[in-house]
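Here the structure is a predicted model, which means the values were calculated and not measured. Both backbone and side-chain heavy atoms feed into the values below; hydrogens, waters and symmetry mates do not. For ligands, and for the atoms within them, numbers begin at 1 and follow the listed sequence.
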Amino acid sequence: MQDCCGRTIDYLRLSVTDLCSYRCRYCMEPEGVEKRAHGDILSLEELAEMAEAAVRCGVKKIRLTGGEPLVRRGIVDLCRTLRSIPGLEELCLTTNGQRLPQLAGPLRQAGVDRLNISLDTLRPDRFAAMTRLGRLEEVLAGIRAAEAAGFSGLKLDTVLIGGFNDDEVGDFLALTMVYPWEVRFIELMPMGPCAAWDKSCFLSVDSILQRYPTLQEIDPQGVARRYRLPGARGTVGLISPLSHDFCAQCRRIRITSDGHLKGCLHSGEELPLRGLHGAALEAAIRRGIAQKPPRHHLAERPSDAGRTMNRIGG
Ligand code: SAM
Ligand code: SF4
């Protein structure tokens, strides 16, 4: 279905939890999130009901996210249920990769089509410092497990952070010479803990094009501009919510793990969906799509999201 600006909305990011096994410094506070009562978070049945209603409203692709989606109990069953929704063309999941050694196979069997794995650094000491609780080796094992389970076209999502990993861009690009992966650099967005960080942390991904002029442009995909190094097996994606406002091409809506529809990641506007069923639920989703904000205002001020990324579903 189309929103008020004529954009076709066919992509839902569905958050299944706001809890996480890591505490990435730009995303979460060190103490993590206050554990909520079980009933405050959508049940698996509610998640499936909302996904089905969204598909009836024109959604063709769902990405499960969080928090960390793989810490949600019953995630594999949920994937199986969602994959059987008639009209859903693609089921994807974004993960920090930590639990993939156990779950990659079951997720593939449950019908998950694609995985994005977040990886901000290839240096063990930096990884431990940034995630506070993680070890690089467990994510690398997760990537290997995803490949072994038959996930092709893996995407590695790297948030580019000035003074933290901007000296590793070459190492990430080198991965694409060896592996058929897409390494995607994402601009750090000023929200949650990192909203207070120094301006020097917020780099334009265009700086990568300036430093690596041999990157050849190929077809874009969604909001990612895409490139390839000569002779590379993999590709490079640049996602620039700050330096290139891609709102005009945005096809997404989001549902938070406590059941609020957000038309825009950076808007405080939320539409409560809990307790709605059938035609009423569908009508609310259609209303949320119709009212999707035209654009964000990150160029002028920090995000108006009113929640940290883990509580929205990044
Ligand atoms: N836990 C999963 C993961 O890390 O992949 C899924 C949820 S996480 C919120 C989704 C993505 O959002 C991750 O790639 C993370 O790096 C990114 N992210 C979190 N905060 C961000 C921010 N302020 N700016 C840009 N990306 C951010
Ligand atoms: Fe967890 Fe993902 Fe946020 Fe890191 S970015 S703390 S892995 S939700």
Side-chain angles (χ1 to χ4, degrees), residues 13-33 62-72 75 92-100 103-104 107 112 114-121 126-136 138-139 142-143 146 154-162 164-166 172 182-199 201-205 222-224 237-243 246 252 254-257 262 265-266 296 298 302-314:
R13 292 174 84 106
L14 180 60
S15 176
V16 299
T17 180
D18 53 7
L19 300 178
C20 188
S21 44
Y22 292 169
R23 302 278 184 274
C24 300
R25 288 175 188 272
Y26 51 83
C27 179
M28 278 171 95
E29 301 295 346
E31 60 276 14
V33 285
I62 294 180
R63 174 174 302 283
L64 297 180
T65 180
E68 171 49 40
L70 300 190
V71 304
R72 176 76 199 245
I75 185 71
C92 310
L93 190 141
T94 293
T95 173
N96 65 23
Q98 188 196 34
R99 297 206 65 209
L100 282 176
L103 289 177
L107 289 170
V112 175
R114 286 180 179 280
L115 290 180
N116 286 39
I117 302 173
S118 300
L119 182 60
D120 296 331
T121 171
R126 289 185 182 179
F127 188 88
M130 180 55 83
T131 61
R132 294 191 178 105
L133 300 176
R135 284 187 307 113
L136 176 63
E138 61 200 10
V139 180
I143 295 172
L154 279 184
K155 290 182 180 156
L156 299 191
D157 287 344
T158 302
V159 181
L160 183 65
I161 305 173
F164 170 66
N165 62 2
D166 50 330
F172 277 104
E182 177 151 306
V183 171
R184 305 190 330 158
F185 295 97
I186 303 168
E187 288 174 357
L188 179 67
M189 296 179 276
M191 52 195 304
C194 72
W197 288 9
D198 191 81
K199 277 207 302 286
C201 301
F202 297 85
L203 298 178
S204 162
V205 287
V223 295
L238 300 184
I239 302 181
S240 34
L242 289 181
S243 62
F246 50 63
R252 309 168 176 184
R254 296 179 144 82
I255 297 179
T256 61
S257 59
K262 275 181 101 71
L265 174 60
H266 299 295
H296 66 62
L298 286 183
S303 173
D304 298 322
R307 295 172 180 246
T308 47
M309 269 296 237
N310 66 298
R311 293 205 50 236
I312 302 171

Identity and distance of the protein heavy atom lying nearest [atom]:
{"atom": "atom 8 (S) of ligand 1", "result": "Gly66 O, 4.4 Å"}
{"atom": "atom 23 (N) of ligand 1", "result": "Met189 O, 2.9 Å"}
{"atom": "atom 14 (O) of ligand 1", "result": "Ser118 OG, 2.7 Å"}
{"atom": "atom 19 (C) of ligand 1", "result": "Tyr26 CE1, 3.4 Å"}
{"atom": "atom 20 (N) of ligand 1", "result": "Met309 CG, 3.2 Å"}

Give the contacting part of [X] toward ligand 1: side chain, backbone, both or neither, where contact means a heavy-atom distance below 4.0 Å.
{"X": "Val159", "result": "side chain"}
{"X": "Ile117", "result": "neither"}
{"X": "Cys24", "result": "neither"}

Could you say whether the N/O atoms of [X] and ligand 1 ever approach to under 3.5 Å?
{"X": "Asn310", "answer": "no"}
{"X": "Gly67", "answer": "yes"}
{"X": "Thr94", "answer": "no"}
{"X": "Asp120", "answer": "no"}
{"X": "Asp157", "answer": "no"}
{"X": "Cys194", "answer": "no"}

Exercise: identify the closest heavy-atom pair between [X] and [Y]:
{"X": "Leu136", "Y": "Thr121", "result": "CD1-O, 3.6 Å"}
{"X": "Trp197", "Y": "Ile161", "result": "CZ3-CG2, 4.0 Å"}
{"X": "Leu154", "Y": "Ala146", "result": "CD2-CB, 4.0 Å"}

If you count the atoms of ligand 1 from 1 in the order shown, which ones are under 4.0 Å from a heavy atom of [X]?
{"X": "Asn96", "result": "2 (C), 3 (C), 5 (O)"}
{"X": "Thr65", "result": "6 (C), 7 (C)"}
{"X": "Met191", "result": "23 (N)"}

Answer whether the closest heavy-atom distance between the side chains of [X] and [Y] falls below 4.5 Å.
{"X": "Gln98", "Y": "Tyr22", "answer": "yes"}
{"X": "Arg23", "Y": "Glu29", "answer": "no"}
{"X": "Thr94", "Y": "Ile117", "answer": "no"}
{"X": "Thr65", "Y": "Ile312", "answer": "no"}
{"X": "Cys20", "Y": "Met28", "answer": "yes"}
{"X": "Thr17", "Y": "Pro69", "answer": "no"}
{"X": "Ile62", "Y": "Cys92", "answer": "no"}

Open item on the list: Can you tell me how far apart CG (Leu156) and CG (Asp120) are? Round to the nearest 0.5 Å.
Closed with: 10.5 Å

For residues [X] and [Y], is any side-chain donor paired with an opposing acceptor at under 3.5 Å?
{"X": "Asn116", "Y": "Asp157", "answer": "yes"}
{"X": "Glu68", "Y": "Ser21", "answer": "no"}
{"X": "Arg254", "Y": "Ser15", "answer": "no"}

Open item on the list: Could you enumerate the protein N, O or S atoms under 2.8 Å from atom 1 (Fe) of ligand 2, written like residue then atom name?
Closed with: Cys20 SG

